[in-house]
Amino acid sequence: VTASGLIFLIFLQSHLNVFSQVRLEWAVPYNGTAKMEDEARGIAINNSGFVYVTGQSVNTHSTGNSRDVATVQYSPSGVYQQVRTYNGIYPNSWDAGNAVAVDRSGNVFVAGFTQKSSVDFDLLTIKYSSEDTNSIWGNTYDGYQRYDEAIDNITDDSGNVYVLGNSHDVSIDINVYMIILKYNSQGVLKWVNKYKGQYQAFAKAIALDRSGYVYATGITKDSDVSDF
């Protein structure tokens, strides 16, 4: 993020020789309609080399400015193609995309959070068509009516998406759960798994092997000691 609030995407190219010089191919900015602070948080590339960058962008609406999910598409040569935005139901809400993934069919999956009230944020997952800015489906997950956030996501060969995130339960001494959600290609929630350890667990990244097993990593906190 620059001082003027621009999201920058930089493409570098190098040869296999580790001693070769890295060459800047292109760098492009994106600025939301409010011309304020914008931030990129996740990136993915499809099989044709198109680049998708997701994050948050300040946009101007009839009710004022709000932080919206913004997912920008660029061609392999860095030419801007289109932007997919999401503005939540809460007035002047804070919404953001933290991760983006692309499946074998080119569909785009964005995971992050959306503000539902002044004290409640829900985990957000959106599936977009590969052809335009229209969403195919969008789902929210509210664990304990406080703060839920997607951190990472990944797709499999069948078009399912696995979303890793955090869910805060303030009713029990501020417990934080690491959670994994599986949605099928139609957006139906198939299962949810939670892990907390003794006190708190914070999600960081997710992976999937060829047999369909899901792996998640993060931080677990027991008392005042953090482990991974």
Side-chain angles (χ1 to χ4, degrees), residues 1 5 7 32-42 54-72 83-101 108-128 133-153 161-183 186-197 199-204 206 216 218-219 221:
V1 183
I7 296 176
T33 60
K35 309 302 180 186
M36 295 176 66
E37 185 174 316
D38 309 306
E39 178 183 352
R41 297 187 175 189
T54 195
Q56 65 178 24
S57 175
V58 182
N59 293 311
T60 301
H61 304 281
S62 59
T63 57
N65 293 337
S66 68
R67 294 183 178 95
D68 300 337
V69 178
T71 305
V72 190
V83 61
R84 299 162 168 89
T85 59
Y86 175 87
N87 182 25
I89 60 174
Y90 188 68
N92 304 330
S93 62
W94 181 11
D95 312 303
N98 288 333
V100 59
V108 181
F109 296 82
V110 176
F113 64 85
T114 181
Q115 185 175 5
K116 191 168 67 175
S117 73
S118 60
V119 295
D120 191 4
F121 291 77
D122 289 352
L123 185 151
L124 175 68
T125 308
I126 307 172
K127 178 180 180 179
Y128 289 105
T133 60
N134 295 324
S135 62
I136 298 174
W137 52 260
N139 282 326
T140 59
Y141 175 83
D142 191 357
Y144 298 97
Q145 289 79 52
R146 188 49 61 96
Y147 187 80
D148 305 287
E149 177 184 15
I151 301 298
D152 198 6
N153 67 343
V161 60
Y162 303 83
V163 182
L164 175 70
N166 298 317
S167 183
H168 293 241
D169 180 8
V170 296
S171 67
I172 311 176
D173 195 25
I174 318 181
N175 285 331
V176 181
Y177 292 82
M178 178 191 298
I179 60 172
I180 304 174
L181 297 84
K182 177 183 178 180
Y183 292 103
Q186 286 76 44
V188 177
L189 180 62
K190 305 301 291 183
W191 50 256
V192 179
N193 264 322
K194 302 178 183 180
Y195 175 80
K196 181 175 69 69
Y199 185 46
Q200 294 177 329
F202 298 90
K204 292 297 182 180
I206 191 169
I219 301 170
K221 187 174 182 181

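- Val163 is listed as a side-chain neighbour of Leu123, based on a closest heavy-atom distance under 4.5 Å.
- In plain terms, the two heavy atoms of Thr114 and Gly88 that are nearest each other are OG1-CA, 3.7 Å.
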**Request:** Could you walk me through whether Arg67 and Asp95 pass the salt bridge (charged side-chain N to carboxylate O under 4.0 Å, His left out) test, one step at a time?
**Result:** CA-CA 6 Å; Arg67 294 183 178 95; Asp95 312 303; over 6 Å; no

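- Between the CG atom of Asp68 and the CG atom of Asn87 there is a distance of 4.0 Å, given to the nearest 0.5 Å.
- Between the CD1 atom in Ile179 and the OG atom in Ser167 there is a gap of 5.0 Å [rounded to 0.5 Å].
- Taking CD of Glu149 as the reference point, atom CG of Leu164 lies at 10.5 Å (rounded to 0.5 Å).
- Taken from OH in Tyr86 to CG in Leu124, the straight-line distance is 5.5 Å, to the nearest 0.5 Å.
- Put simply, the side chain of Asp120 reaches to within 4.5 Å of the side chain of Asp142, judged on heavy atoms.
- Between Asn175 and Lys196 there is a side-chain heavy-atom pair separated by less than 4.5 Å.
- Side-chain N or O atoms of Gln186 include none that pairs as donor or acceptor with a backbone N or O of Val188 at under 3.5 Å.
- Not a single donor-acceptor pair under 3.5 Å links the side chain of Gln56 to the backbone N or O of Ala96.
- In terms of heavy atoms, Ser93 sits closest to Ser66 at O-CB, 3.3 Å.
- With Asn139 contributing its side chain and Gly187 its backbone, the two residues share a donor-acceptor pair below 3.5 Å.
- Side-chain atoms of Thr33 and Asn59 form a donor-acceptor pair, as typed in the model, at a separation below 3.5 Å.
- Separating the CE atom in Met178 from the CD1 atom in Ile206 is a distance of 9.5 Å, to the nearest 0.5 Å.
- At a threshold of 4.5 Å between non-hydrogen side-chain atoms, the residues Val192 and Tyr141 count as touching.
- The heavy-atom pair separating Arg41 from Asn98 by the smallest distance is NH1-OD1, 2.8 Å.
- Looking only at side-chain heavy atoms (C-beta outward), Asp148 and Phe121 stay at 4.5 Å or farther from each other.
- Closest of all the heavy-atom pairs between Thr54 and Gly97 is OG1-CA, 3.7 Å.
- Across all non-hydrogen atoms, the minimal contact from Ala201 to Asn166 is O-OD1, 3.9 Å.
- At a threshold of 4.5 Å between non-hydrogen side-chain atoms, the residues Lys116 and Tyr90 do not count as touching.
- Ring-plane geometry between Tyr147 and Phe113 is classed as tilted, the angle between the planes lying from 30 to 60 degrees on a 0 to 90 degree scale.
- Other residues, nucleotides and ligands place no more than 12 heavy atoms under 6.0 Å from the NZ atom of Lys204.
- The two residues Ala99 and Asn153 make their nearest non-hydrogen contact at CB-OD1, 3.6 Å.
- Between Leu189 and Trp191, every side-chain heavy-atom pair lies at or beyond the 4.5 Å cut-off.
- Contacts of Arg146 classified as salt bridge (charged side-chain N to carboxylate O under 4.0 Å, His left out), with partners at least two apart in sequence or in another chain: none.
- The shortest side-chain heavy-atom distance between Val110 and Tyr128 falls under the 4.5 Å cut-off.
- Proximity of the aromatic rings of Tyr144 and Tyr177 is defined here by a centroid distance below 6.0 angstrom, and this criterion is met.
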